[in-house]
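Below is one structure, written out as structure tokens; comments come after it.
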Amino acid sequence: MILPSHLSVRGGHLYIGEHDTVALAERFGTPLYVTSEDRVRENFRRLSGALSAHYGKVRVLYAAKANGNLAIFRTLASMGAGSDVFSAGEVALALAAGMRPELLLFNGSSKSPADLALAVEKGIRVSVDSPDELRQLDRAAGAAGRTVDIAFRVNPAIDVPTHPKIATGLATSKFGIPAEEILDAYREALAAEHVNPVGVHCHIGSQILAVEPFAREVEVLIDLAADLLDIGVDLSFIDIGGGLGIPYRRETDRAPTPEEYAGAVMPVFLEGIRDLGIEPELWVEPGRWLVADSTVLLSRVNSVKTAHKTFANVDAGFNLLIRPTMYDSYHEVVAANRADAPAVREYSIAGPICETGDVLAKDRMLPELAAGDIVAMLDAGAYGFAMSSQYNSRPRCAEVLLAGEKAALMRRAETIDDLTAPMATPPWQE
């Protein structure tokens, strides 16, 4: 198995940075998410640096949905990142982490009146998803006596090589305004009293393992920018979204590097803005690439059972990592306390949830496993805890952050009391 550079095997145990994952499991319990802050910082520097090497006016907005822990926000805020936010909760986290309102973009296809009012109140730019939303935002800003900077999210109708559920730039997607209708939306915005169209926004999908779709997306946006200039829009930013994938199967996946990504999109962008005679900021919205490989999910084997196949039954289920069940996603598995032992048997890693689909990894060759062993699911930092639930009334697990030789909780494990705390007793049951 090929491990990323911040993971290693020492004395038969899997290490993340300077920390023995088996010791972390004993100290903090399982299941347990473990994140390397150093790796998050390294990933940010590399991606930001690859783009900034071509153009000085690059702004990185972290895709908050990938991992919503406040400690992650603080780490990225300290590096100068802003955030692509989809809810009042993500706005609150970003601001609490120290991200300035002007470094945020409120995104989403179904914002509530409260969402729009919050963006107005905090001075956050809005990526508007429909003419209906534009009119609501204009009224909200007018009621507050303010003007809000906006972009429209354009749907470019670009097919991308990724799972259909995370391809957001398709013509059939719920996101954005079709490219052929976008100019009318901008004309309406220019005529509105309390919105100021200053940007254009697009996001074509997630976990994309080719650079060509990103280059085509930039071509679409540059063509649109030319039309926007013609109708009087003064573009201060062009936001090309995120979507750069990672190699979940490191032995077979070929994932573009940040340098290859930059090498594909930046020449198109730079030639385009040079021909237009403008110098807008370039905004990007990475999520998965920044945080996915920073994190492992540790889980303890409860039992081993041989039926039509051999199952290693563990204490983490799809309530904590739903991606394999939802997307048929692949995560490498390491026997953390037997990391240098030969792989001798095929196991499927099954969780404790009362669903047949609660299988985190199918048919993996691993060392001989027994009750009490620790397994690590790799690349769990994006859409792992962020998509977790309390299904089967299972409290969610703790999250630990590592920095150098330091380790500390960044979220405590939930308790049964946490499950029942929001519940109320109807008066007729008292």
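- In this structure, D379 pairs ionically with R250, as a charged nitrogen and a carboxylate oxygen lie closer than 4.0 Å.
- Under the 4.0 Å criterion applied to side-chain N and carboxylate O atoms, K57 and E281 are not assigned as salt-bridge partners.
- The existence of a salt bridge linking R394 and E414 is excluded, since no basic side-chain nitrogen approaches an acidic carboxylate oxygen closer than 4.0 Å.
- In R100, the CZ atom is not crowded: 12 or fewer heavy atoms of neighbouring residues, nucleotides or ligands sit closer than 6.0 Å.
- The CG atom of N69 lies 4.5 Å from the CD atom of E399; values are rounded to the nearest 0.5 Å.
- Salt-bridge annotation for R39 and E42: present, with a side-chain N of the basic residue lying under 4.0 Å from a carboxylate O of the acidic one.
- Under a cut-off of 6.0 angstrom, the local environment of CD in E193 is sparse, with at most 12 non-hydrogen atoms contributed by other residues, nucleotides or ligands.
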Taking distance alone, no hydrogens or angles, what donor-acceptor pairs closer than 3.5 Å link side-chain atoms of residues 264-276 to residues at least two apart or in another chain?
none

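- The side-chain heavy atoms of K122 and L104, taken from C-beta on, include no pair separated by under 4.5 Å.
- Summarising the local packing, CD of Q390 is surrounded by more than 12 heavy atoms from other residues, nucleotides or ligands at distances under 6.0 Å.
- The shortest side-chain heavy-atom distance between F28 and V34 does not fall under the 4.5 Å cut-off.
- The residues D184 and R187 are annotated as salt-bridged, a charged nitrogen and a carboxylate oxygen being separated by less than 4.0 angstrom.
- Sparse packing is recorded around CG of D234, with 12 or fewer heavy atoms of other residues, nucleotides or ligands lying under 6.0 Å away.
- By the 4.0 Å N-to-carboxylate-O rule, E18 lies close enough to R10 to be salt-bridged with it.
- If you look at H201 and F152, their ring centroids are not closer than 6.0 Å.
- Salt bridge D84/K65: present, at least one basic N to carboxylate O contact under 4.0 Å.
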